[in-house]
Amino acid sequence: MDGHARTPLVGTHWGHFRVSADASGIRDVQPYEGDDNPSCYGASLADGFDTSVRIAQPMVRKGWLETRDGTGRSKGQGPFVPVSWDTALDLVAGELERVRSTMGNEAIYGGSYGWASAGRFHHAQSQVHRFLNGIGGYVSSRNSYSAAAAEVIVPHVLGLSPYTVIEPSYEEILAHGSLMVAFGGVCPHNNQVVPGGVLRHNDRALLSQFRERGIELVNISPMRQDVPAYMDQTWVPIRPGTDVALMMGIAHELITHDLCDQTFLNSHTVGFDDLAAYITGKADGCVRDADWAAALCGVEAGQIRALARKMVGRRTVIALSLSMQRAEFGEQPYFMGIALAAMLGQIGLPGGGVGLSWGNNGRGLFGTRRVNFSWGKLPQGSNPVEAFIPVARIADMLANPGAPFDYDGQRYQYPDIRLVYWAGGNPYHHHQDLAKLERAWERPETIIVQDSVWTASARRADIVLPATTFLEREDVVCGLGQSVSFSAQAAAPYAQARDDYAIFSDLARRMGTHDAFTEGRDSATWIRHIYQQSRDNAAAAGIQLPDFETLRTLEVVDVTDQLPRSTHPLEEFHNDPLGAPLGTPSGRIELSSERLASFGYDDCPRHPVWLERKEWLGAPLAYRFPLHLLSPQPQNRLHSQFDFGRASRDAKIEGREVMIMSCTDATQRGLTDGDIARVYNDRGETFVGVRVTDALMQGVVQLPTGAWYDPDEDGIDRHGNPNVLCADRPTSRLAMGPTAQSCLVQVDKHTGPLPEIRVFTPPLIERAED
Ligand SMILES: Nc1nc2c(c(=O)[nH]1)N[C@H]1C(S)=C(S)[C@@H](COP(=O)(O)OP(=O)(O)OC[C@H]3O[C@@H](n4cnc5c(=O)[nH]c(N)nc54)[C@H](O)[C@@H]3O)O[C@H]1N2
Ligand SMILES: Nc1nc2c(c(=O)[nH]1)N[C@H]1C(S)=C(S)[C@@H](COP(=O)(O)OP(=O)(O)OC[C@H]3O[C@@H](n4cnc5c(=O)[nH]c(N)nc54)[C@H](O)[C@@H]3O)O[C@H]1N2
Ligand SMILES: [Mo]
């Protein structure tokens, strides 16, 4: 292991890896020796210097240089003109100054959503926001693509952020639980990712104990493999988007058979009678019982009744996956899931109640000892611009300046955006209905993208600034976990790539804000300064962290043993609802909310409701597009990152992203494993490779996100990007979140010649005219 100690350890969102490099590039990548379940796609780091995708120097789109407008920008074909850093930064500073002085900072969109990479200092979002705040602010974005609907509805119901309610942990379930009913499963590969960096993947170690402890797991999902194969599971295949109906069917059984915990409902909730009247049909004559639910969700009524009874009288936890709420009316499964847990009366009991978002982002992994201090981070400053958008309304905003929109009880107006600055995200990965985004994307005068690689977004920018990756700089990594590590620089920066910090420092100099932006620190000083903040915060909570040089030598410091057992955020409320009220208007769990009622939204009324979606297997549109497309997270990469890397590319079929479909659906279309198919609907079309499985229910296909968008002249994507198919429709007026999982498609076998993948070769680059 001595050799290891000298090999740089690099922290990423998907694990830690030892990366050795020399002047010719990356030589070797090995998983961190302390991780017994490392991500397979660590191997892709070996392609971190792939010259066909890395951006070698600053570039300006030729059309923009000539006309200063966005026409043709969204074709993504450049051509680009390479320029020096000085020229590029002069252009960027000039554009920022021009737009700010003529239109005000309200014309600059800096919401810049995206995961970028792990690290407390080189965090692209913090960097770009700090810089833009320094020059007078920017239009920001609210909530996340991950969980917008949950982020807005859960506080209305529980008075807490959903991220506080990601309890109980697996450790608590193992100690006290008896049954876990997991809507959307606890997807094993999604646990490979923890925002901000993960040191050890211990979910397998925890989940494999369920069987030994006799804890029953019910996987309610279209996909059997949403629960790891080594766990016993009862698989209840369900039509996507119908979980609310199933939950109501269960609730009806509990209500009509007097199986609810009425004492808990009386003391801890408000509005139950209102919801019960809706479910039993007293309110509107529609009885939402198991038979009603069965017709919608495809689970037999007898099975729904049995499930209801199974959940009573034992320690039961209801797990709600995030995928369910990235769908039209995505607020509802969370609202109703909490209501169901309230009926069982176990919210706040160890190992029981409701958990939001296990099976992704490492939630639930961290046991009962939770970090009780905050890790230091780069301060972003404050943003004087009030205008914002709900994050997924980007295309609507760009296309419709001045148009009104609703959000969480208020009405706002879309700002008139003239300049877009994106650093650390890939909107042509994460946004839905890419053809619509392309139309809106032509409207701003100037778009600046800062990335290390030629993503579809970088190809659609006017000014492209090459950033380093985490391989090329040092940082401190900690994430959600209870450890902190020193992430070493494994290689020298690629070509002319620069750290985001260096780029913004030089821009700040041009904008006259250099001293405020840097506070006189260089990167190395900032990293130490931020780490010292962590140390101080930890010390105040009684936790000892070593000094920076010691951390650097040790590489990794685990503080788990020093952490006190933290109380469950809802435990006090459970024990004393009057003494420890929730942050809702009533102080209780609001199963019917007067505040929601006051908003007057028919798409998110005062209590949970079943609403017919535009796209689900029961919709009229299913006659033309009979398959429900789910676009889950990819197994072989994080989103679109390292799609060019070996782990991602090796898994493709003839270079296309793999779509999974059931044997029945495949046979009906003459498709077998390894074939190529066209997937299409009214919004778009894409080529995919096909894998056939008995683990996915009939009528549903799964095409993971993240294949780099690669459209031909007619807009047909060659590569298997689901976002050419998904709708850009808000969840509801409450959260206005993204709805990628509500999408109907048709699939046909493709036998003709296959178009070549172009997105892994650089766009056209012209020689600079001098
Ligand atoms: N159809 C469909 N679409 C979805 C989803 C879905 O379920 N279905 N899920 C959604 C979800 S949950 C999410 S979170 C989003 C994710 O969407 P994104 O976060 O936008 O996706 P990433 O591929 O992680 O994009 C990060 C980009 O930052 C760049 N980058 C990395 N490090 C740095 C750095 O240090 N500096 C700079 N300047 N750039 C850097 C990477 O090269 C990459 O291009 O996608 C959403 N989109
Ligand atoms: N390997 C890897 N892991 C990741 C990520 C990644 O890019 N790569 N991204 C991370 C991020 S940013 C996020 S936000 C999380 C997302 O975590 P999730 O949102 O939970 O993940 P998904 O993969 O979209 O969905 C998980 C499963 O939900 C099921 N499902 C979909 N729709 C429905 C439905 O309507 N009802 C039911 N019952 N089930 C449904 C699908 O079968 C799918 O396999 O994952 C994180 N983990
Ligand atoms: Mo996400």
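Each ligand, and each atom within it, is numbered from 1 in the order the structure gives. Keep in mind that this is a model prediction, so the values were computed, not measured. Index from 1, following the sequence.
By the 4.0 Å heavy-atom criterion, Arg239 is excluded from the residues contacting ligand 2. Gln225 does not count as a contact of ligand 2, since none of its heavy atoms falls under 4.0 Å from the ligand. Taking 4.0 Å as the cut-off, Arg473 counts as a neighbour of ligand 1 on heavy-atom distance. Distances from ligand 2 to the non-hydrogen atoms of Tyr145 include no value under 4.0 Å. Note on ligand 1: Thr469 sits outside its first shell, no heavy atom being nearer than 4.0 Å. The closest approach between any non-hydrogen atom of His639 and ligand 2 is below 4.0 Å. Ligand 1 has no atom lying under 4.0 Å from any heavy atom of His123. Between Phe470 and ligand 1 there is no heavy-atom distance shorter than 4.0 Å. Heavy-atom distances between Arg637 and ligand 2 reach below 4.0 Å in at least one pair.
Exactly one of Trp422, Tyr421, Trp441 qualifies for a ring-ring contact (aromatic ring centres under 6.0 Å, His included) with Tyr109. That residue is Trp422.
In Ser117, the parts holding a heavy atom less than 4.0 Å from any atom of ligand 1 are both the side chain and the backbone. At a 4.0 Å heavy-atom cut-off, ligand 1 touches Val453 through the side chain alone. With a heavy-atom cut-off of 4.0 Å, His431 does not touch ligand 1 at all. Counting heavy atoms under 4.0 Å from ligand 1, residue Gln125 does not touch it at all. When heavy-atom distances to ligand 1 are checked against a 4.0 Å cut-off, Ala740 comes that close only through its side chain, counted from C-beta outward. Residue-level proximity to ligand 1 for Thr455 is carried by the side chain, the only part with a heavy atom below 4.0 angstrom.
For atom 24 (O) of ligand 1, the nearest non-hydrogen atom from the set His122, Glu472, Gln127, Gln641 belongs to Gln641. For atom 35 (O) of ligand 2, the nearest non-hydrogen atom from the set Gly241, Ala327, Pro704 belongs to Gly241. Distances from atom 19 (O) of ligand 2 to the heavy atoms of Ser323, Ser144, Ser221 put Ser323 nearest. Between Pro634, Ser742, Pro240, it is Pro634 that holds the heavy atom closest to atom 2 (C) of ligand 2.
When only non-hydrogen protein atoms are considered, atom 36 (N) of ligand 1 lies nearest to Asp500 OD2, 2.7 Å. With hydrogens left out, the protein atom closest to atom 44 (O) of ligand 1 is Asp451 OD2, 2.7 Å, a heavy atom. The protein non-hydrogen atom at the shortest distance from atom 47 (N) of ligand 1 is His430 O, 3.0 Å. Of all protein heavy atoms, the one closest to atom 1 (N) of ligand 1 is Asn723 OD1, 2.7 Å. In terms of protein heavy-atom proximity, atom 5 (C) of ligand 1 is closest to Thr705 CG2, 3.8 Å.
Those atoms of ligand 1 that come under 4.0 Å of a heavy atom in Cys726, given as number and element, are 1 (N). Listed by number with element, the atoms of ligand 1 under 4.0 angstrom from any heavy atom of Gln633 are 7 (O), 9 (N), 12 (S). Counting atoms of ligand 1 from 1 in the listed order, those under 4.0 Å from a heavy atom of Trp115 are 14 (S), 19 (O), 24 (O). Numbered from 1 in the order shown, with element, the atoms of ligand 2 that lie under 4.0 Å from a heavy atom of Pro222 read 37 (C), 39 (N), 40 (C). Contact atoms of ligand 2 toward Ser321: 20 (O) (distance under 4.0 Å to a heavy atom of the residue). For ligand 1, the atoms sitting less than 4.0 Å from at least one non-hydrogen atom of Tyr113 are 14 (S), numbered in the order shown with element in parentheses. Close contacts of ligand 2 with Met223, meaning ligand atoms under 4.0 Å from a residue heavy atom, involve 42 (O). Short contacts between ligand 2 and Ile238, defined as distances under 4.0 Å to a heavy atom of the residue, involve ligand atoms 38 (N). Near Ser640, meaning under 4.0 Å from any of its heavy atoms, are these atoms of ligand 1: 22 (P), 23 (O). Close approach of ligand 1 to Ser631 (heavy-atom distance below 4.0 Å) involves ligand atoms 1 (N), 2 (C), 6 (C), 7 (O), 8 (N). Listed by number with element, the atoms of ligand 2 under 4.0 angstrom from any heavy atom of Gln702 are 41 (C), 42 (O), 43 (C), 44 (O). Interface of Asp226 with ligand 2, defined as ligand atoms under 4.0 Å from a residue heavy atom, comprises 27 (C), 28 (O), 29 (C), 41 (C), 42 (O), 43 (C), 44 (O). Counting atoms of ligand 1 from 1 in the listed order, those under 4.0 Å from a heavy atom of Gln741 are 6 (C), 7 (O), 8 (N). Set against the non-hydrogen atoms of Gln432, the atoms of ligand 1 under 4.0 Å away are 1 (N), 2 (C), 3 (N), 4 (C), 47 (N).
In this structure, a donor-acceptor pair under 3.5 Å is present between the side chains of Asp728 and His431. Side chain to side chain, Thr686 and Asn721 fail the donor-acceptor criterion of an N or O pair below 3.5 Å.
When atom types are taken as modelled, the side chain of Ser44 and the backbone of Ala647 share a donor-acceptor pair closer than 3.5 angstrom. Looking only at distances, a side-chain donor or acceptor of Arg613 sits under 3.5 Å from a matching main-chain atom of Glu328. For the pair Gln641 (side chain) and Ala116 (backbone), a donor-acceptor distance under 3.5 Å is present. Of the possible donor and acceptor atoms, none in the side chain of Gln325 sits under 3.5 Å from a partner among the backbone N and O of Glu151.
Checked against the 6.0 Å centroid criterion, the rings of Phe642 and Tyr41 do not qualify as a close aromatic pair. Within the 6.0 Å centre-distance limit, the rings of Tyr138 and His129 are counted as a close aromatic pair. In this structure, His719 has its ring center closer than 6.0 angstrom to the ring center of Phe760.
At least one N or O atom of Tyr41, backbone or side chain, sits closer than 3.5 Å to an N or O atom of ligand 2.
Taking a 6.0 Å sphere around CD of Glu300, one finds it holds 12 or fewer heavy atoms contributed by other residues, nucleotides or ligands. When the shell of 6.0 Å around NZ of Lys377 is examined, it contains 12 or fewer heavy atoms from other residues, nucleotides or ligands.
Taking Asp226 as the reference, Ser221 meet the side-chain hydrogen bond (donor to acceptor under 3.5 Å, both in side chains) condition, with sequence neighbours excluded.
Screening residues 42-56 for salt bridge (charged side-chain N to carboxylate O under 4.0 Å, His left out), with sequence neighbours left out, gives Asp47-Arg646, Arg54-Glu472.
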